[in-house]
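In what follows, every chain begins at residue 1, and chains take the letters A, B, ... in the order their sequences are listed.
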Number of protein chains: 2
Amino acid sequence: MGRQREHDAGEARATLSDVAARAGVSPSTASIAFSGQGPVSDSTKARVLAAAVELGYTGPDPLARSLRTGRSGIVGALIPRRIGTSFRDPVVIQTLDGLAEELGGSGSGLLLLSERERETDRLSLEAAPIDALVLLGCGTASLPALDVLRRRGIPVVTIEGDEGAGVANIDVDNRRGTRVLAEHLRDLGHRDVALVTLPLTTEDRLGPLSEDEIASATATIAVRRIAGARDVFPGAAGISASGSTIADGRAAGRLLLDVPESDRPTAIIAQSDLLAAGVIFAAHDLGLAVPDDLSVVGFDGIRVDELPMRLTTVAQSAQDKGAAAGRAVTELLDGGHPESRCFPVTFQAGATTGPPAS
Amino acid sequence: MGRQREHDAGEARATLSDVAARAGVSPSTASIAFSGQGPVSDSTKARVLAAAVELGYTGPDPLARSLRTGRSGIVGALIPRRIGTSFRDPVVIQTLDGLAEELGGSGSGLLLLSERERETDRLSLEAAPIDALVLLGCGTASLPALDVLRRRGIPVVTIEGDEGAGVANIDVDNRRGTRVLAEHLRDLGHRDVALVTLPLTTEDRLGPLSEDEIASATATIAVRRIAGARDVFPGAAGISASGSTIADGRAAGRLLLDVPESDRPTAIIAQSDLLAAGVIFAAHDLGLAVPDDLSVVGFDGIRVDELPMRLTTVAQSAQDKGAAAGRAVTELLDGGHPESRCFPVTFQAGATTGPPAS
DNA sequence: CTGTTAGCGCGTTCAA
DNA sequence: TTGAACGCGCTAACAG
């Protein structure tokens, strides 16, 4: 570990000064030759480049350059769940896609960080070499860490985060979106509506919604969607799922549906399309027809190929969300002050809702 | 941009020396107090930490620390296609999942880099502050860049890469796996077998396989799977798909199947399960029954919920592959010399193959 | 247990 | 246009 890095072949790596010396110029000149950030005569530049090739110099060390310039070219993306888990959520993927796309234009790399496993040693959120950070649907759990970043002067953009944390927030109309769906169910005649929510904390736990849990929830998105549903069905109860997969929805759905018929809701508001699909499968498992015996709505507007019918849901554009966050980051890095914005959602009628059986 | 970073509030940020001075100790002592990499009395440590709080010091600057230690705590993951696109491939996701999981244990972050968009300025593969790099199913397209990394002393691990590039390679038995499937089809009596391959280059192009294209392909995996198929069906022709999604498979399948019956293959070897699913849908689109009118096999062994039947395929564990790569990286970083290894694949009989109609 | 001495490799003043 | 000096912020040696 000691001295240098391990070099299987070759001696200590050449530095910019070495190159400069070999080219017969000063280090600063060589630096300019590489970065193009200043005037150099073509002849000297060529000489420097030639010297570099001879010495096997492959360009300025990124670490040293970063220290000097104060920038690493890396944008961090903080995701609420385990990285692997998040990879299974199409909304996260699409958001990252939009973000990566937009950032790619400015040439920044994307460093994935998880809100969980904070016990990482080598690379904590506070000590990551990032120029900016995007929080993807993170709740309030990481707020303390944000403070550290702010003090370090690192711009932060949140996606569906806490408004008023003093950072640009790219939001989605989670509350209104869910309210629209709830109204749709109410207009169809449903009175007995249950919820299947996204996890309320950073933990994966399946279980009945409790008011305490809601009150102490760190997951902003879930809380807002609950609020939207309760705007129409006050006090609506339900299950908080252990994730946002079809399997999670199926498990939650079973809990809600595998009960005496009198206790069974006539409609379920699932907080994601994947959860909704799971609920529908759970209904099928129990011999219930959708929408005849049970209406189900989702959230997101992703394509769920697994389903034989189109889901009634509200659609958001996760891609746009990510791209907007990417633009906000770019602006921030250029010294601008991007504004928060809120993306609307659009109602999408599908074949999973109808009047209650009664 | 000149002076410091932009500070909306507060003066120039405190440095470790400032903290040390305020605590009345030397910088090195303060450093140890933060990193724990040495002996400090509890009292001095407390004093240092207190001084840090007073000054609003939030811990050592990651960039400076990296420059000094030569490590950033970041592992790069190079993926062959656009980041967003790759996010849609379950095998990539699972591999990243296994990798992230394993790396998480050692506390390293994961930096996503794409083999495409090499024109990024701020952060090229050559200039990324990474301690190690994992290539996920990248072909031979990035070999030159690898050389640069090697010269920089950065360890590289490939997944399904070129053996003998002098780096640890975590492989999967792509050729044998496909051969097993081909033999299965041959044993069923098929003689007229076509291929739907993964993209052969870093570009997304749908079209007939040409020998030239195969010869100049950069995508190792696709080439090996073609070889496996041709071990049994020499010269088998087919289509190279524009990606590895169901839609890509459907498009390729249509090209192969929407022809006079006499020209139609009796079986198709798709190079991924998703492609296979797409082919099956294409068959259905044309009124062909699987496996009665057409047999289809895939590769990967992922669950394809979209399909009404189980796919005949070979299964690999992408998760294990990623994890093995993660372990290799960890070993390499600890100065070890991990060995290459090759994961086997296991045949999975499904309901998508049967004897030819004839 | 603590302090001192040196850089890590580079980019940026300035003056020439 | 180029060169010389300096320091970004930190940590690895060693000496005390």
Please collect all salt bridge (Lys or Arg N to Asp or Glu O under 4.0 Å) contacts where either partner lies in residues 318-328 of chain A, sequence neighbours excluded, each pair once.
A/Glu102-A/Arg327, A/Glu160-A/Lys321
Pairing residues for B/Thr202 by the side-chain hydrogen bond (donor to acceptor under 3.5 Å, both in side chains) criterion, not counting sequence neighbours
none
Where do A/Ala30 and A/Val25 come nearest, in terms of heavy atoms and distance?
N-CG2, 4.2 Å
Are the side chains of A/Tyr57 and A/Asp18 in touch, meaning some heavy atoms are under 4.5 Å apart?
no
Once you round it to whole Å, what is the distance between P of D/dT11 and CG of A/Leu67?
12 Å
Using the side chain to side chain contact (heavy atoms under 4.5 Å, CB included) rule, take A/Leu96 and A/Leu112 through it: C-alpha gap first, then chi angles, then the decisive distance, then the call.
CA-CA 10 Å; A/Leu96 283 176; A/Leu112 296 182; 4.2 Å; yes
Salt bridge (charged side-chain N to carboxylate O under 4.0 Å, His left out) partners of A/Asp97, counting only residues at least two apart:
B/Arg82, B/Arg88
Tell me the interatomic distance from B/Arg152, atom CZ, to C/dG9, atom P, rounded to whole angstroms.
12 Å
Separation of A/Thr220 OG1 from A/Asp162 CG (nearest 0.5 Å)
5.0 Å
When you check the phosphate oxygens OP1 and OP2 of C/dC10, does a side-chain N or O of A/Tyr57 lie under 4.0 Å from one of them?
yes
Near-strand residues of residues 38-54 of chain B, defined as heavy-atom separation under 4.0 angstrom from DNA chain D:
none
Walk me through whether B/Val48 and B/Ile32 qualify under side chain to side chain contact (heavy atoms under 4.5 Å, CB included).
CA-CA 10 Å; B/Val48 171; B/Ile32 294 173; over 6 Å; no
Check the pair B/Leu99 / B/Val75 against side chain to side chain contact (heavy atoms under 4.5 Å, CB included), numbers first and verdict last.
CA-CA 10 Å; B/Leu99 183 62; B/Val75 173; 5.6 Å; no
Whole-Å distance separating the CG atom of A/Asp18 from the P atom of C/dC8:
10 Å
Heavy-atom closest pair, residues A/Gly137 and A/Ile221
CA-CD1, 3.9 Å
Nearest whole angstrom, please: distance from the P of D/dG9 to the CG of B/Leu55.
14 Å
Sugar-phosphate means primed atoms, P, OP1 and OP2; the rest is base. With that split, encode nucleotides 11-16 of chain C 5' to 3' as B, S or - using protein heavy atoms under 4.0 Å.
BB----
Please state how far atom CG in B/Asp61 lies from atom C1' in D/dC8, giving the value in whole angstrom units.
9 Å
Lys/Arg-Asp/Glu bridge criterion (N-O < 4.0 Å) met for B/Asp147, B/Arg151:
yes
For the helix from C/dC1-D/dG16 to C/dA16-D/dT1, measure the angle between the helix axis at one end and the axis at the other, each built from five pairs, rounding to 10°.
30°
